[in-house]
Amino acid sequence: MMKGPKKWRLFALMTALLVFLSGCGREEISTLIPAGKVAQDQFNLLILSSIVMLFVIVVVTIIYVLAIVKFRRSKVGEDMIPEQVEGSARLEFIWTAIPIVLLLILAVPTVYSTFDLADVTAMDAQDEDGAAENLTVNVTGKLYWWEFEYPEQEIRTAQELVVPTGERVYFNLIAADVKHSFWIPSVGGKLDVNPENVNTFYLEFDKESSELEEGVYFGKCAELCGPSHALMDFKVKTLNREDFDAWVAAMQEEQAAPTETVAQEGQQIFEQSCIACHATNAAGAATGVGPNLATFGDRTTIAGFMEHDEETLKNWIADPQQYKPGNLMPNPEEINNGEPFSDQELDALAAYLMGLKVEE
Amino acid sequence: MSSNSQKKGFGATIWDYMTTVDHKKIAILYLISGGFFFLVGGVEAMMIRIQLMKAGNDFLSAGTYNEVLTMHGTTMIFLAAMPILLAFMNAVSPLQIGARDVAFPFLNSLGFWLFFFGGVFLNLSWFLGGAPDAGWTNYASLALASEGHGIDFYSLGLTISGFGTLIAGINFLVTIINMRAPGMTYMRMPLFTWTTFVASALILLAFPPLTVGIFFMVFDRLFGANFFDVTMGGNTIIWEHFFWIFGHPEVYILILPAFGIFSEIFAIFSRKRLFGYTALVFATILIGFYGFMVWAHHMFTVGLGPTANAVFALATMIIAVPTGIKIFNWLLTIWGGNISFTVPMIYAVAFIPSFVAGGVTGVMQAIAPLDYQLHDSYFIVAHFHYVIVGGVVLAILAGTHLYWPKMFGTMLSEKLGKWTFWFFFIGFHLTFFIQHFLGLMGMPRRVYTFGADQGWDLFNAISSAGALLMAIGVIILLVNVVMTVVKGERVGNDPWGDGRTLEWAIPSPPPFYNFAQTPLVRGLDPYWIEKMEGNKEGMVYAEPLGDIHMPNGSFIPFVISLGMFIAAFGAMYHMDGHVWALPVLIGGLAITFGSMLVRSLKDDLGFHISKEELIADNERIQREARALEGGKKGGLK
Amino acid sequence: MDLNKRYTPQTWPDHPETATLEGKNKFVGFWLLLAAETVTFASLFATYLALKDKGPSGMEFSASGLFELPLVFAMTMILLTSSLTSVYAMYHMKNHNFKAMQAWLGITVLLGLAFLGLEIYEFNHYVHLGFGYTNSAFSSAFYTLVGTHGAHVVFGLSWFIALMLRNAKRGLNMYNAPKFYLAALYWHFIDVVWVFIFTVVYLMGVIG
């Protein structure tokens, strides 16, 4: 028994040390390294509430430690019968009133922030020419991938969201199948992607993602949506406004035809087998069945979470179920006249897909 | 009719338990089956932690992982925590109010068997094509999309066991309202009875919305209804509301009895009356009351709008006040007491910091905008394990040690108990403390794997190591139980020496009629009052010794539950087009309603124990008590 | 409890339903069960209101076009009357007049059966119009709410009939008096729920 408190202290110390050593997680995904106004507000609330709660813990701990040290049987005697105290109205009042005050301290910023973060009135604001003043992105969550449509710019992409820094970006979220939840931890809290209604909120991106080690922020699906829920990742590329406008302009153009022979072969195969689901142009109407591939060569991952190289891509095309269980991409046999793709065909497809770029 | 001294064959004992309506035996049934499901849920927990101990692990496949996590949550909440608490409620609260049984002994048995068959049905899913895989919250869009019969096992199994729980809730309410001994006013009731009372009221009002939600799910999946089918005008948010209108009170259904157990322990092992008894009672009632007004704090990210979120955020924060009142009253109960660190008391003492930690993270999540970050991340996983393991499971372990002698007449080993405690307690904090940070570092919950590039490897490894320690603690507890049962050393009425309430005034285990004479209650902690006044007999009585009326045992509860169990298979396989399914459904319902009809048409008036039998039995009890005393003096201590 | 003890109107207690501990327990327990039933129906009502007129795009059915008040009004009157007749039955139960009680319960059961017949006719009519259970979220919610009430009517009627047959020969005693009382209480509850259904589903449905 005597070892108890000591062990506890050692354990607490070790934990604190570990937390310190491993820092606050990765800048690409940690809520502890906020990279935008929304995440910053939420981080401030975290710090404020942590301080208040720490105060509570300290008070409880002091009374607690004193009580269990002072009044143990070995100290007060085997046969001692304590006075049978009924209670104290004054103490009851104190420990009712003080928590209420502490809660009030938390309640004010809570209510303010709740309304502030839900304020999307500026979403539909238009300038004199009737163009939207703010960027809006329509996000559709589908079984294990994300579609991003820029309605004003009439372009769409998938898996990698591209947004400008330093301004509010508004999001419309809806699910095409089951419920998902849209979360970019380092930029702001999540919002559910429901199948029955459009949810709306905004985020702000402070920093250009090229400064990050991985070059992108990590986005997550936060609501269990099936076997590959864990793999329903997306990435966020943040560009300054100028670069963003250039990107949009490039997206609006028709995809250039491949020049290399291998890639041209790949395009042929693609147009026989894959085009039914996957569009390769960012502009215009999309089939919406599979992710739009116009920016495929620019991306940092394959299927949202795997290394971006040709080898991985070929493995993925050859057997999508192995890597992302339950996803809806057909096996090659189903779209290639009952045959798997040959190595040659896979090489060609990979070369073609990797050449689909809008950035230099 | 049975008595503990009679030796019986194995088959006769089994039959006795299958037909018993005695609240003490039903308590043992709840404890054994709840304990079994606790182990099942524990194995599932270990599988989760093994899978997540390193990045990209392939111990479980994606689909299997979802089944395991769903069954872990569902099993632990519905089939382990609640039944084990119901075991203590059954074993103790009728004794604490001086009653001879619960108000409806027959229904008590029915409640158990419904729970049991519901739990078995749910777990059979593992062997019949796959377990449910949409999380214990079973959100509707995913649940409707789920293939196979896993979700049907979930909904039908929980329907059956939910009826059982509802029946148990009504039973305890009526028992406590109508069957208190003379002098046992509401404000003299032990805290555990009070929490049983409030938790039962929560069961009464919280389970119907769940049942309705689950019925919609069953109708949608099996009979073509469209409650949640968006393309047919349905709405999946309805499920979320029903689930959490049930789900939040459910948390209090679990934690309030845990509070009750700890309240008893603090008073007994500090040898002191509960500080602020009145405040503790009103805090219990307030917590129960608020429990129904905060469900939408589980849905802050659903998009209900800022007004709803702000209102529910504030309502949620208020709950911290009565909970704080409880914590401080417990601290002041210890203060100035004479603390004996027995195993139950160590658990109670460890509960305070653990639960405070869980409570403060709860307040943090009440801050709606902050919750947008914390929700569905590992932070919430850490939070609810801090309140449920740090509150409910510690209470269950403490209660097992505290009430074991009252239920079985033997004492669990204190030494092994302390080993269990240290392994479990350290393991618990190691597993879950670190998960707060995983959540803040962006790790969503319910992920079957994570990449090495996310920066979560170390903390997950630590968390898994902690889980191993908890498992070792539970194994030591099992060893403890087996050793205690084998040894079988009997103990007397008040084995802890400082019992305060009525259950400690009678033998361990009590005779099947509990009190030969109904006791007269003269204040809070009636047994303590008599002890302090030097009452040799133990109690004063409210009535002379006379005939006692007792209910007959019955096999019908078992058959009613079996009928529903069979009918559930029929309902489930009906949709697959099996010819036999519809007859099975009808046959099962016929068994259920038929046996209900038999029950209502056949008079069952119970039997009487005569005064002479009581006197004889009492002499036997006295004889055994003297032998026990003699044995102790003879050199055991 | 002694089943053979004979009572006269003079020795019969004022409140036979709560004169014994068993009766008292049943009385309190049943009220609690009704509380749970109330929550159940509240949930069904909430769902109905949320899903009212919701269906696949182009659904032709709506509450205002579908429901016809005259029939439902007749059903309402029948059920309200049956509630009144069950009150008479309980009046005679308290006066230990077994025969009169049985007679009034018989009338109550007949009225209940009439209600049930009309409800079956009504459902059948809607199904013939194409408004089946699986037609839309609206139809599912409607049939589940009203159908759950209908199932309660069936259960209440079975309960009355079973009690009347079982005790036909032996008359009233302290063992079965609480049972009659609770069955009547249950019948009142069913009636109250119907009043809400009539208002929320039919009146508010037709008016819009």
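To find a chain, count down the sequence lines: A is the first, B the second, and so on, and within it residues start at 1.
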Here the pair of heavy atoms bringing E92(A) nearest to N329(B) is OE2-OD1, 2.6 Å
From L45(A) CG over to Q373(B) CD, what is the distance, rounded to the nearest 0.5 angstrom? 10.5 Å
Let's test your reading of the structure: which of G336(B), G305(B), A283(B), G276(B) forms the most heavy-atom pairs below 4.5 Å with chain A? G336(B)
Heavy-atom proximity to chain A below 4.5 Å, by part of Q454(B): both
Heavy atoms only, distances under 4.5 angstrom: which of L370(B), V447(B), V321(B), L440(B) has the most pairs with chain A? Name it, please. L440(B)
With the side chain counted from C-beta on, respond yes when D41(A) and P369(B) share a heavy-atom pair under 4.5 Å apart, and no when they do not. no
Checking L46(A) against chain B: side chain, backbone, both or neither under 4.5 Å from a heavy atom? both
Which pair of non-hydrogen atoms, one from A62(B) and one from P227(A), has the smallest distance, and what is that distance? CB-O, 3.3 Å
Below 4.5 Å, heavy-atom pairs only: which of I68(A), V56(A), T61(A) has the largest tally toward chain B? I68(A)
With no hydrogens and no angle check, do the side chains of Q42(A) and D371(B) hold a donor and an acceptor under 3.5 Å apart? no
What part of S88(A) is in contact with chain B, defined as an atom under 4.5 angstrom from a non-hydrogen atom: side chain, backbone, both or neither? both
Nearest heavy-atom pair of T301(B) and L191(A): which atoms, and what distance? O-CD1, 3.5 Å
Top contributor to chain A interface from Y65(B), Y372(B), F450(B), F269(B) [non-hydrogen pairs under 4.5 Å]: Y372(B)
Side chain, backbone, both or neither: which part of N44(A) has an atom under 4.5 Å from a heavy atom of chain B? neither
Is there side-chain contact between I81(A) and K272(B), with heavy atoms separated by less than 4.5 Å? no
Under 4.5 Å from a heavy atom of chain B, the part of V52(A) involved: neither
Using heavy-atom distances under 4.5 Å, tell me whether A140(B) contacts chain A through its side chain, its backbone, both, or neither. neither
May I ask you to test the V356(B)-I57(A) pair for a side-chain heavy-atom distance under 4.5 Å? yes
Counting only heavy atoms closer than 4.5 Å, note whether V302(B) contacts chain A via side chain, backbone, both or neither. both
Name the region of A175(A), side chain, backbone, both or neither, that has any atom closer than 4.5 Å to a heavy atom of chain B. neither
Using non-hydrogen atoms only, which part of E223(A) is less than 4.5 Å away from chain B: side chain, backbone, both, or neither? both
Is L48(A) close to chain B through its backbone or its side chain, or both, or neither, when contacts mean heavy atoms under 4.5 Å? neither
Chain A contact via A134(B) - which portion, at a heavy-atom distance below 4.5 Å: backbone
Please rank I184(A), L117(A), L106(A) by heavy-atom pairs under 4.5 Å with chain B and give me the top one. L106(A)
Counting only heavy atoms not in E147(B) (residues, nucleotides, ligands), do more than 12 fall under 6.0 Å from its CD? no
Tell me if a side-chain donor or acceptor on E196(A) pairs with a main-chain N or O of T236(B) at a distance below 3.5 Å. yes
Please determine, among V349(B), L314(B), I352(B), T137(B), the option with the most heavy-atom pairs under 4.5 Å with chain A. V349(B)
With a 4.0 Å cut-off, would you call K179(A) and E240(B) a salt bridge? yes
Examine whether an atom of L142(B) lies under 4.5 Å from a heavy atom of chain A, and if so say whether it belongs to the side chain, the backbone or both; otherwise answer neither. both
Relative to chain B, which segment of E86(A) carries a heavy atom at a distance below 4.5 Å: side chain, backbone, both, or neither? both
At a heavy-atom separation under 4.5 Å, does F421(B) approach chain A through its side chain, its backbone, both, or neither? neither
Here the gap from N66(B) atom CG to H229(A) atom NE2, rounded to the nearest 0.5 Å, amounts to 8.0 Å
Heavy atoms, side chains only, cut-off 4.5 Å: are F379(B) and T31(A) in contact? no
Contact origin within L274(B) toward chain A - heavy atom pairs under 4.5 Å: backbone
Pick from T333(B), V360(B), N338(B) with the largest number of heavy-atom pairs that fall under 4.5 Å of chain A: N338(B)
Just verifying a value: how many Å separate R73(A) CZ and I339(B) CD1, rounded to the nearest 0.5 Å? 9.5 Å
Residue part contacting chain B, namely of L66(A), when any heavy atom lies under 4.5 Å: both
Counting only heavy atoms closer than 4.5 Å, note whether K75(A) contacts chain B via side chain, backbone, both or neither. neither
Are T114(A) and N309(B) linked by a side-chain donor-acceptor pair shorter than 3.5 Å? no
Segment of W330(B) engaging chain A (4.5 angstrom heavy-atom cut-off): neither
Return the option, out of C221(A), G326(A), P99(A), A222(A), with the maximum number of heavy-atom pairs under 4.5 Å with chain B. A222(A)
Heavy-atom nearest pair, A67(A) first then I334(B), reads CB-CG2, 4.1 Å
Interatomic distance, S50(A) atom OG to M364(B) atom CE [nearest 0.5 angstrom]: 3.5 Å
The interface call for V230(B) against chain A, heavy-atom contacts under 4.5 Å, is side chain
Do T449(B) and L231(A) have side-chain heavy atoms sitting under 4.5 Å apart? yes
Where does P195(A) contact chain B at under 4.5 Å (heavy atoms): side chain, backbone, both or neither? both
Non-hydrogen atoms of chain A under 4.5 Å away: do they reach the side chain of A368(B), the backbone, both or neither? both
So for Y64(A), is it side chain, backbone, both, or neither that comes closer than 4.5 Å to the heavy atoms of chain B? both
Looking at T307(B), T231(B), L144(B), which one has more heavy-atom pairs under 4.5 Å with chain A than the rest? T307(B)
Part of Y139(B) within contact of chain A (heavy atom distance under 4.5 Å): side chain
Under 3.5 Å, is there a donor-acceptor pair between the R500(B) and Q84(A) side chains? yes
Among M232(A), E78(A), K70(A), which residue has the highest count of heavy-atom pairs closer than 4.5 Å to chain B? E78(A)
Segment of K220(A) engaging chain B (4.5 angstrom heavy-atom cut-off): side chain
Closest non-hydrogen atom pair between W183(A) and G439(B), with its separation: CH2-O, 4.1 Å
Separation of L331(B) CG from I62(A) CD1 (nearest 0.5 Å): 11.5 Å
What pair of heavy atoms forms the shortest contact from Y448(B) to A230(A), and how long is it? N-CB, 3.5 Å
Between the OG1 atom in T96(A) and the CZ atom in F328(B), the distance rounded to the nearest 0.5 Å is 10.0 Å
